[in-house]
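Read through the structure below, which is laid out as structure tokens, and then see the notes.
All residue numbers refer to positions in the sequence shown, counting from 1. The analysis underlying the following values was restricted to heavy atoms, covering all of them including side chains, and did not include hydrogens, waters or symmetry mates.
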Amino acid sequence: MTRDDITHGMQVLGSDGALIGTVDGIESDSIKLQRSDSADGNHHFVSLDQVERVDQHVHLNVTGTAARAGWVPAAGAAAVGAATGGAAHHPDAHRDDDRKGMGWLPWVIGGLILLGLILALRGCGDDDDARATLDQSAATTAGTTTAGAGPVDEDGAILTRDVEAYLAGNEATPRTFGFNNVFFDTGSAAIRPEDQRELASFAAVLARQPTMKAEIVGLADAQGNAAANAQLAADRANAVMAALVENGVPAAALTARSAGEGNTAGADQGSRRVDLTVTAR
């Protein structure tokens, strides 16, 4: 196993099969997990020394409970991670947050400048094309946009770029991608309004690959009856497939199935999701 075997979007599993999180990247000697995988909204880190093997997933040599036991505030992350062998906040996490703390300032300044230009042009009333261009620019200052879908957050844009690069490359199939932000409420197969944007952006990439084939796999958490959860997982897969088709992906390119309950016990959000496995380009 080499560092290059671990790529963005791969699921990280404990030795007991528990879902730890999804790979966001590699930093130093650690796997950086996506913020959407943690209840506190922070990135967490898993030492590369804990990796047992890598296939379509990253398998650890410690259980999910042991891995999560090291998730502590960044000030003590290095010491606790070394002592427990568990996953922890990366020691640079707070420094990264400090660097990002003022990241909004250029957007605010840029937005105010654009607003001033828009108002000036509207006052003149003689340059409709320029006003339309500036309105579009102002609309995109919050993030990447997809036609008709509104802004896509950073994680969704990263996933879209990763899938686009994979479809354009020659890496072997199949490969599974987990949506970074698409999760379901307990007992529901309804797609949340805030998740529609990522699906629309994702669909735009898939629709540009006419020979692409993919399987949508639905999952449920372990609450309640297993048979009912299997049906709920199937309903979630079908709901996402319908959303992708509605956004331009050919229905013949997609299939949907249920994977039943996820690997974690209880009401775990990470199990209330769908994955997409590209089976052919």
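Residues forming a side-chain hydrogen bond (donor to acceptor under 3.5 Å, both in side chains) with Asp185 (at least two apart in sequence, or on another chain): none. Shown here are the side-chain hydrogen bond (donor to acceptor under 3.5 Å, both in side chains) partners of Arg273, two or more places apart in sequence or in another chain: Gln11, Asp275. Every residue was checked against the side-chain hydrogen bond (donor to acceptor under 3.5 Å, both in side chains) condition with Gln209, not counting sequence neighbours, and none meets it. Listed by chain and residue number, Thr277 satisfy the side-chain hydrogen bond (donor to acceptor under 3.5 Å, both in side chains) test with Thr176 (two or more places apart in sequence, or in another chain). For Glu194, the salt bridge (Lys or Arg N to Asp or Glu O under 4.0 Å) partners at least two apart in sequence or on another chain are Arg192. The side-chain contact (heavy atoms from CB on, under 4.5 Å) test applied to Ala259 returns Val217, Leu219, Arg257, not counting sequence neighbours. Annotation: salt bridge (Lys or Arg N to Asp or Glu O under 4.0 Å) contacts of Asp49 (sequence neighbours excluded): none. For Phe179, the ring-ring contact (aromatic ring centres under 6.0 Å, His included) partners two or more places apart in sequence, or in a different chain, are Phe202. Listed by chain and residue number, Glu215 satisfy the side-chain contact (heavy atoms from CB on, under 4.5 Å) test with Thr255 (two or more places apart in sequence, or in another chain). Every side-chain contact (heavy atoms from CB on, under 4.5 Å) that Ile26 has, sequence neighbours left out, goes to Arg3, Ile6, Ile31, Leu48.
Hydrophobic clustering, with ILVMFWY side chains joined whenever heavy atoms are under 4.5 angstrom apart, groups Val62 together with Val58. In the hydrophobic cluster analysis, where Ile, Leu, Val, Met, Phe, Trp and Tyr join through side-chain heavy atoms closer than 4.5 angstrom, Leu206 is grouped together with Val274.
Results of the side-chain contact (heavy atoms from CB on, under 4.5 Å) test with Leu60 over Asp16, Val51, Leu13 single out Val51 as the only residue that passes.
Closest approach of Ala200 and Asn247 over heavy atoms only: CB-OD1, 3.6 Å. Closest approach of Ile20 and Ala67 over heavy atoms only: CD1-CB, 4.0 Å. Considering every non-hydrogen atom in both Val54 and Asp5, the closest pair reads CG1-O, 3.6 Å. Taking both residues in full, the closest heavy atoms of Ala220 and Ala233 are given as N-CB, 4.0 Å, listed atom of the first, atom of the second, then distance. Residues Leu254 and Leu244 share a closest heavy-atom pair of CD1-CB, 3.9 Å. For Gly64 against Ala18, the heavy-atom pair with the smallest separation is CA-CB, 4.0 Å.
Judged by distance alone, the side chain of His59 and the main-chain N or O of Glu52 form no donor-acceptor pair under 3.5 Å. With hydrogens and angles disregarded, a donor-acceptor distance shorter than 3.5 Å links the side chain of Ser258 to the backbone of Ala230. Between the Arg281 side chain and the Tyr166 main chain, a donor and an acceptor come within less than 3.5 Å of each other. Not a single donor-acceptor pair under 3.5 Å links the side chain of Thr279 to the backbone N or O of Pro174. Checking side-chain atoms of Asn229 against main-chain N and O of Asp221 turns up a donor-acceptor pair under 3.5 Å. Proximity of a side-chain donor or acceptor of Arg35 to a complementary backbone N or O of His43 within less than 3.5 Å is not detected. Side-chain atoms of Thr173 never come within 3.5 Å of backbone atoms of Ala280 as a donor-acceptor pair (strictly under, hydrogens ignored). For Ser188 (side chain) and Ala190 (main-chain N/O), a donor-acceptor pair under 3.5 Å exists by modelled atom type. A distance-only check finds a donor-acceptor pair linking the side chain of Asn238 to the backbone of Ala234 [under 3.5 Å].
Annotation: salt bridge (charged side-chain N to carboxylate O under 4.0 Å, His left out) contacts involving residues 234-247, sequence neighbours excluded, are absent. Sorted by first and then second residue, the pairs that involve residues 201-210 and meet salt bridge (charged side-chain N to carboxylate O under 4.0 Å, His left out), not counting sequence neighbours, are Glu164-Arg208.
Note that the CZ atom of Phe177 and the CG atom of Asp162 stand 7.0 Å from one another [nearest 0.5 Å].
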Discussion item. Run His57 and Val12 through side chain to side chain contact (heavy atoms under 4.5 Å, CB included) and show every step you take.
Written reply: CA-CA 6 Å; His57 307 287; Val12 180; over 6 Å; no
